[in-house]
Amino acid sequence: MNVKNMKKITKVVALMLIMIILSYCILTVATNNKVQARERTEDIARLSNYPEIYTLVQELKTTHPNWTFTLLYTGLDWNDVIYNETTALHTRSLVHNSLLEGNKEAWLCPTCGWTPRDNGSWYCASNATVSYYMDPRNWLNETYIFAFETLSFNSNVHTVEGVQAILAGTFMDKPTIEYIDVNGIPQVINKSYAQVIYEAGQNNNVSPYHLAARIRQEQGNGTSSLISGNYEPYVGYYNYFNIGASGNSTADIIRNGLARAKDSGWSTPELSINGGAEFLKGGYIGNYQDTLYLQKYHVDSASKYSVYGHQYQQNVSAPFTESLDVYDAYEELGILNSSFNFIIPIYENMPAVPQDRPGRYVTSVTENVIVETQITDLSIRSGPSTNYTIKAKAPKGTILTRIERAEEISSDGRYWDRVVYNTGSQIIIGYASREYLGDVGTTEVVNEVYTVSTMCNLRNGPTTTNTKITRVLSQGTQVTVIDKILFPVDNHIWYRVKLMDGTQGFVSSAYLQSAPVSVEKYEIDGELLKVTPETQITEIDGAVLEGTVFGTGAKVTLNGANYTVVMLGDVSGDGNITPSDYVKVKNNIMGITVLENAFRIAADVNGDNNITPADYVKIKNHIMKVSKIGF
């Protein structure tokens with residue numbers, strides 16, 4: 001073969017190698033994109049990258065075993081989401097003036113400032129405000145979880161009585177419905193609002209509780225011209241869900257809303273409620289906007305509409321204020337332990353710590369203080385000002401637990417700290433003026449060593465609502481219990497604990513056990529010595545290591561016999577469990593490489609004789625300290 005032909009062959013081979021490399025890169029990119037693409041799944045174990053969401057879901061599942069959770073991996077970057085919900089369109093997210101507290105400017109978009117929107121009582125929300133409301137970690141608790149409830153009709157849960165419980169005390173709490181027809185003549189529907197709303201939900205496969213809560217949210221005290229039936233020139237038309245009711249003034253909002261009602265033929269309250277339910281089903285609940293959260297924050301790309309734009313309302317807090325009505329009704333009916341499903345959104349590159357409520361600058365603490373009033377009892381209020389209602393009064397000398405220390409003086413010249421008051425039968429969390437609080441040391445009522453049995457949250461206070469997660473504790477962490485609350489709060493029994501570094505907080509007793517977690521270190525399987533991760537050669541009596549690295553593939557002599565080491569999860573053979581190990585497992589699953597002999601057995605951490613994504617997840621969870629690999 002001459003030199004010229006040899007050069008041609010070399011070029012062809014080089015070109016083929018380049019094509020192979022490019023194909024591999026394209027395959028790798030496509031695979032990675034698929035991992036991060038939009039997906040709904042019930043596999044909670046995949047939350048290993050989001051330990052705080054994992055522990056929040058586990059808290060809820062512990063107290064409500066019948067609840068199920070669907071994870072919505074949006075595939076959207078958190079920073080892009082916040083930009084699109086704020087700066088990209090300044091009126092997309094509005095905050096009501098009733099929410100503004102503390103440093104009010106912190107709630108408002110810096111571009112729009114105090115420019116009024118809608119009917120004059122709304123303002124463009126800041127990035128911090130939207131981040132606070134959009135981050136699911138702020139709302140995955142007993143009180144607000146129903147913002148994520150799947151909104152389909154459920155015959156095992158929904159009843160007319162349940163709808164009535166939501167409507168109790170409102171303008172819809174009546175046995176019949178009086179209205180004005182298109183001719184201006186008074187008429188009566190011989191049904192209750194509860195019956196009409198229930199039937200609308202049943203007919204459209206929509207939760208009637210959601211419909212009832214939504215009408216309460218939209219209509220308030222029931223005096224709006226959108227449902228009065230006597231607004232000229234739209235006499236006899238009704239819009240209970242405020243569909244199409246938008247504009248820059250109250251008059252514009254009413255005219256646009258009633259024009260929509262007339263075009264839709266909503267000439268009775270019943271037709272309007274049915275039409276609204278049909279609208280919600282077709283445009284929202286049947287279109288992957290099937291929770292209160294997703295109706296406001298349109299982040300599921302499976303929808304037929306582009307993300308962000310197709311939102312039901314501009315009110316940033318709407319999903320959570322509505323969810324309170326639903327929760328209260330479920331609690332009154334005694335059905336909180338029924339089978340509910342919740343859809344939890346997850347974003348890429350979420351911040352390590354959730355956004356605090358805007359307007360106040362505080363530090364999370366867990367420390368005792370003593371009431372030092374002179375004459376009257378200390379007022380514990382619902383908010384950081386004397387304008388808020390009094391939730392309880394604590395006598396002089398009462399020991400409280402401070403969970404938030406204000407770092408900025410309020411407009412009334414006081415520092416308002418958040419405190420926990422244990423009355424002996426209930427836990428009250430509220431605000432107290434620091435001038436009446438004195439520092440006092442922690443009294444260790446008990447001193448008992450416990451071990452964390454499964455990854456859980458350390459909170460600054462004894463409840464899942466209105467407290468902050470200060471740390472996620474991994475399985476096997478040793479804590480000292482120094483006090484116990486012996487009655488349930490949010491369906492948990494809470495222990496006050498102290499960590500080895502002196503940090504204090506509260507942990508649900510459901511995740512603690514008095515004895516250390518027992519772990520078998522090794523077992524012999526034929527010619528293999530299988531060991532758990534982090535096991536040292538010195539922990540195996542009589543074992544002698546050949547070489548210097550005690551990991552998968554190493555040779556050991558024990559009691560006169562020779563063995564090959566298999567350290568579960570150590571696929572690389574370096575004696576440690578690191579991301580390189582689950583990458584090797586992933587490459588084996590994808591067919592890029594093939595694991596053999598002891599390394600293949602080390603990769604099969606669940607022991608089913610196959611290497612599957614389940615093994616990949618278990619190794620990843622071990623690294624994240626969600627769970628431990630063992631026999």
Side-chain angles (χ1 to χ4, degrees), residues 20-21 24 27-28 31 35 45-46 48-49 51 451-455 474-478 500 515-631:
I20 291 171
I21 293 170
Y24 173 75
L27 177 62
T28 302
T31 302
V35 169
R46 289 177 54 185
S48 58
N49 284 335
T451 302
V452 174
S453 58
T454 186
M455 187 171 70
S474 60
Q475 182 189 47
T477 300
Q478 195 171 86
M500 294 183 69
V517 176
S518 177
V519 178
E520 294 293 333
K521 291 290 187 178
Y522 71 94
E523 67 179 23
I524 294 174
D525 183 5
E527 297 181 350
L528 300 176
L529 177 66
K530 294 182 178 179
V531 299
T532 57
E534 287 86 47
T535 298
Q536 303 297 314
I537 184 69
T538 54
E539 297 178 90
I540 306 174
D541 291 338
V544 178
L545 174 65
E546 297 180 17
T548 59
V549 177
F550 184 62
T552 298
K555 303 299 181 180
V556 168
T557 301
L558 178 62
N559 298 327
N562 297 321
Y563 298 97
T564 299
V565 174
V566 172
M567 180 175 286
L568 297 179
D570 174 28
V571 187
S572 59
D574 63 358
N576 298 300
I577 313 300
T578 66
S580 66
D581 294 301
Y582 66 69
V583 169
K584 287 181 178 292
V585 172
K586 181 180 178 181
N587 287 344
N588 185 92
I589 295 170
M590 295 174 62
I592 297 172
T593 57
V594 177
L595 295 171
E596 295 180 337
N597 304 321
F599 301 96
R600 183 174 185 83
I601 298 171
D604 179 25
V605 291
N606 67 357
D608 65 354
N609 296 319
N610 294 295
I611 300 177
T612 67
D615 299 301
Y616 169 89
V617 171
K618 285 183 74 71
I619 294 174
K620 202 169 184 181
N621 284 350
H622 180 89
I623 295 170
M624 296 293 297
K625 299 183 179 180
V626 174
S627 59
K628 286 185 176 292
I629 294 173
F631 297 121

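- A 6.0 Å sphere centred on CD of E546 holds more than 12 heavy atoms belonging to other residues, nucleotides or ligands.
- In this structure, D608 contributes its side chain and N606 its backbone to no donor-acceptor pair below 3.5 Å.
- Here the OH atom belonging to Y522 is positioned 10.5 Å from the OG1 atom belonging to T535, to the nearest 0.5 angstrom.
- Applying the side-chain hydrogen bond (donor to acceptor under 3.5 Å, both in side chains) test to pairs two or more places apart or on separate chains, none has a residue in residues 589-600.
- Atom CZ in F550 sits 9.0 Å away from atom OG1 in T538 (nearest 0.5 Å).
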Worksheet entry | Stepwise side chain to side chain contact (heavy atoms under 4.5 Å, CB included) test for D581 and V585 | CA-CA 6 Å; D581 294 301; V585 172; 5.9 Å; no
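- In plain terms, the two heavy atoms of V605 and D615 that are nearest each other are N-OD1, 3.1 Å.
- Inter-residue side-chain proximity for E534 and H622 is flagged as met; some heavy-atom pair is nearer than 4.5 Å.
- Put simply, CD1 on I537 and OG1 on T548 are 12.0 Å apart, with the number rounded to the nearest 0.5 Å.
- Q475 and S453 make their closest contact through NE2-O, 3.1 Å (heavy atoms, listed as atom of the first residue, atom of the second, distance).
- Distance CG/N588 to CZ/F599: 13.0 Å, rounded to 0.5 Å.
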Please set out all donor-acceptor pairs under 3.5 angstrom arising from side-chain atoms of residues 556-571, sequence neighbours excluded.
unit_1, atom_1, unit_2, atom_2, d
T557, OG1, N562, OD1, 3.1
T564, OG1, K555, NZ, 2.8
D570, OD1, G573, N, 2.9
D570, OD1, D574, N, 3.2
D570, OD2, T552, N, 2.9
D570, OD2, G575, N, 2.9

